[in-house]
Amino acid sequence: MKITDTLTSLVSSALESTQSSGSLPPTGDFEINIERPKLTEHGDFSTSLPLALARTMRMSPIQIAEAISIAIPENEMIGMVEPAAPGFVNFTLSTSWLQSQVGVVRKAGTSFGSNDTGSGQSVQIEFVSVNPTGPLHVGHARGAVIGSSLANVLEANGYEVQREYYVNDAGNQMRVFYDTLYSRYMQAAGNDTPLPDPSYPGEYLKDLANDLFHDMGESVLAKGKEDAIVELAPESLRRTLAEIRNVLLKLNVTYDNWFHESSLIASGKFDEVLELLENANLVFERDGAKWFAATKLGLEEDIVVIRSEEGGPTYFGTDIAYHHEKFISRKFDRVINVWGADHHGHVARMKALLKAFEVDQNRLTIILNQIVNFSSGGESLKFSKRNNVLVTVEELIKEVGTDACRFTFLSRSPESHMEFDLSLAKTQSSENPVYYVQYGHARLASILRTANERGIDFNEADLTLLTHPREMELIRKIIELPDVVDRAAEKLEPHHLPHYAMDLSRSLQRFYEACRVISSAVPEIETTKARLQLVEAAKYALGRTLTLMGMDSPEQM
RNA sequence: GCCCCUGUAGCUCAGUGGAUAGAGCAGCGGUUUCCUAAACCGCGUGUCGCGUGUUCGAUUCACGCCAGGGGUACCA
């Protein structure tokens with residue numbers, strides 16, 4: 001049970017008993033809010049309930065706080081309950097309970113930090129989903145990092161999670177891409193074929209065509225353009241996706257499923273769902289195209305689902321079928337899409353679509369991460385190959401490393417228009433919070449290594465010897481982790497993790513400085529054992545945090 | 001025009017309707033017989049963009065304004 005839940009029930013029963021004894025008057029509806037005070041003098045937790053009740057009770061808040069404080073039932077967790085002006089009830093955790101938590105954390109081990117808030121619920125999280133037309137651009141890294149950490153955190157909170165990449169391999173863009181690929185392939189074969197209009201830009205296509213020509217040769221061309229594309233397309237798709245997959249792997253991003261847009265058409269799913277909407281009178285024809293009647297669902301404009309020109313579905317068109325697939329066929333309780341801010345116009349459409357499917361809109365959450373500006377030493381960077389500024393995620397990882405990259409992206413909330421300072425991120429020193437956190441982990445590992453080398457068995461220890469302020473500070477910080485995970489998962493805010501990691505690291509460095517763990521002085525062996533248990537607990541907490549962030553937990557640096 | 005996001009310390013950013021708004025970096029000064037100094041300790045009044053409102057209480061919620069970014073396709 002979470003600490004705050006216990007406190008809530010303690011306050012609740014205190015209020016009931018004061019009311020039944022008549023020392024406090026009855027009240028209407030209210031909510032018990034447990035928060036963490038900023039000042040240590042105000043204890044570990046507090047509630048401002050008396051302030052909220054003052055009006056209906058027609059009493060001064062402090063009187064209510066006093067009455068509640070006295071009535072709080074005995075609990076091993078609570079060391080002290082104090083009323084405080086103007087109307088708070090402050091709780092301080094008991095030293096003995098805090099000490100005992102070291103054992104609880106050690107017992108939980110690498111699973112420490114987990115909750116079961118989401119157990120029994122399935123959630124699908126879709127992220128990155130960039131068109132398979134080239135390597136990932138630096139801007140895509142943010143969504144990748146947010147999505148993958150969010151998935152980790154949701155899993156830690158008990159959800160059954162599926163990570164999915166939606167491969168847009170069917171749209172008009174892909175047609176242009178393949179047309180251009182054909183021309184590039186012809187050029188690679190030495191023909192003077194012009195690029196189509198419109199054509200797909202980028203050097204990548206040229207390189208891809210050259211590679212394909214090297215491996216597949218002239219014979220492909222003998223069949224004419226359409227047949228050649230039929231052969232080239234799957235192979236180019238396979239190679240581009242492999243490249244995307246590899247670079248994501250380097251970013252520590254993995255998927256449970258790669259879902260192809262084209263499969264929606266091949267399987268008939270697209271037609272099936274379109275018919276569904278037609279039967280519901282939500283699809284009509286105009287100017288030779290088919291439209292989704294979004295205005296009937298409160299939107300300002302209708303949306304094209306099938307183009308007039310070649311009769312193919314639009315991006316929104318297939319997304320209709322895709323989301324039907326997510327909610328109706330695969331029956332996810334919740335669906336989370338992590339999109340770049342440039343997709344913002346699409347959000348209202350998807351919500352409208354859910355209305356058409358009669359799916360509760362709250363089951364779909366769309367996280368829009370804002371764009372990233374890259375800078376180096378205070379100077380803003382414009383991306384281009386010509387200026388020799390990095391462009392791809394691959395180059396970004398090479399430049400700053402996976403861990404620094406993840407930590408930096410993760411430490412800002414998705415909606416912030418963040419600035420990524422490359423020079424700071426790649427600094428491998430104390431200036432960089434990334435290494436500060438990892439160094440903390442390495443240091444803990446080092447202490448445990450030393451204990452092992454010296455043959456110290458600390459499996460049995462007297463935890464009541466942990467009384468130093470820095471020891472208590474560290475324990476308090478360690479046991480915050482489940483709350484941090486819970487909050488990150490429930491509010492879909494993974495950026496709390498790096499901030500917690502920093503706090504925890506600071507607490508353990510301060511502890512390290514003040515409390516020698518392994519000492520040559522023999523009489524202190526019992527203290528050593530207790531502190532080694534604390535060190536191990538801290539290592540579990542920090543290691544778990546790093547794992548959830550998708551970062552490495554180094555044993556030494 | 002309309003829609004979304006942002007505006008908090010010199011810089012980059014946290015901040016759950018509560019008590020005296022925080023961290024990292026940068027800057028200045030100090031700390032090392034023994035587990036990693038990639039560390040620790042000390043030094044911070046900032047119109048929380050501006051205004052009005054809701055509230056016992058607003059950086060937090062609502063509305064208006066200002067500034068910056070993004071979107072506003074038979075692209076995705």
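Order of the sequence lines fixes the chain letters, A, B, ..., with proteins taken first and strands second; residue numbering starts at 1 for each chain. Just so you know, these numbers come straight off a predicted model, no measurement behind them.
No hydrogens or angles were tested; on distance alone, nothing pairs the side chain of N172(A) with the base of A73(B) as donor and acceptor under 3.5 Å. A donor-acceptor contact under 3.5 Å is formed by the side chain of S46(A) with the base of A19(B).
The side chain of R487(A) has U16(B) as its nearest neighbour among U16(B), C13(B), G70(B). Among G70(B), C35(B), G15(B), the nucleotide with an atom closest to any side-chain atom of R516(A) is C35(B). Of the listed nucleotides (G15(B), C40(B), C35(B)), G15(B) has the atom at the smallest distance from the side chain of H496(A). Comparing A76(B), A14(B), A19(B) by their nearest atom to the side chain of R349(A) picks out A76(B).
Of the possible polar contacts, none joining the R106(A) side chain to the E536(A) backbone as a donor-acceptor pair under 3.5 Å is found.
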Apply side chain to side chain contact (heavy atoms under 4.5 Å, CB included) to V138(A) and V391(A), showing your working. CA-CA 6 Å; V138(A) 279; V391(A) 178; over 6 Å; no
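Among the atoms of the strands shown, only primed sugar atoms or phosphate atoms (P, OP1, OP2) are found under 4.0 Å from some heavy atom of M502(A). When heavy atoms are screened at a 4.0 angstrom cut-off, H343(A) is found touching base atoms of the nucleic acid. Among the atoms of the strands shown, only primed sugar atoms or phosphate atoms (P, OP1, OP2) are found under 4.0 Å from some heavy atom of S416(A). Nucleic acid contact for H499(A): sugar-phosphate only, since backbone atoms but no base atoms lie under 4.0 Å from a heavy atom of the residue. Counting non-hydrogen atoms under 4.0 angstrom, L448(A) reaches nothing in the nucleic acid. Across all strands, D287(A) comes closer than 4.0 Å to base atoms (heavy-atom distances).
Across the strands present, G27(B) finds its partner in C43(B); the criterion is a Watson-Crick or G-U wobble pair with both atom distances under 3.5 angstrom.
Salt bridge status for R487(A) with E490(A): absent, with no side-chain N to carboxylate O gap under 4.0 Å.
Separating the P atom of G10(B) from that of U6(B) is a span of 22 Å, rounded to the nearest Å.
The nearest whole Å value for the distance from the NE2 atom in H346(A) to the P atom in C75(B) is 13 Å. In this structure, CD1 of I447(A) is placed 10 Å from P of C35(B), rounded to the nearest angstrom.
Map A170(A) and R506(A) each onto its nearest nucleotide of RNA chain B; the residue landing nearer the 5' end is R506(A).
One finds a side-chain N or O of Y512(A) lying less than 4.0 angstrom from the OP1 or OP2 phosphate oxygen of A37(B). Between H42(A) and U20(B) there is no side-chain N or O to OP1 or OP2 distance below 4.0 Å.
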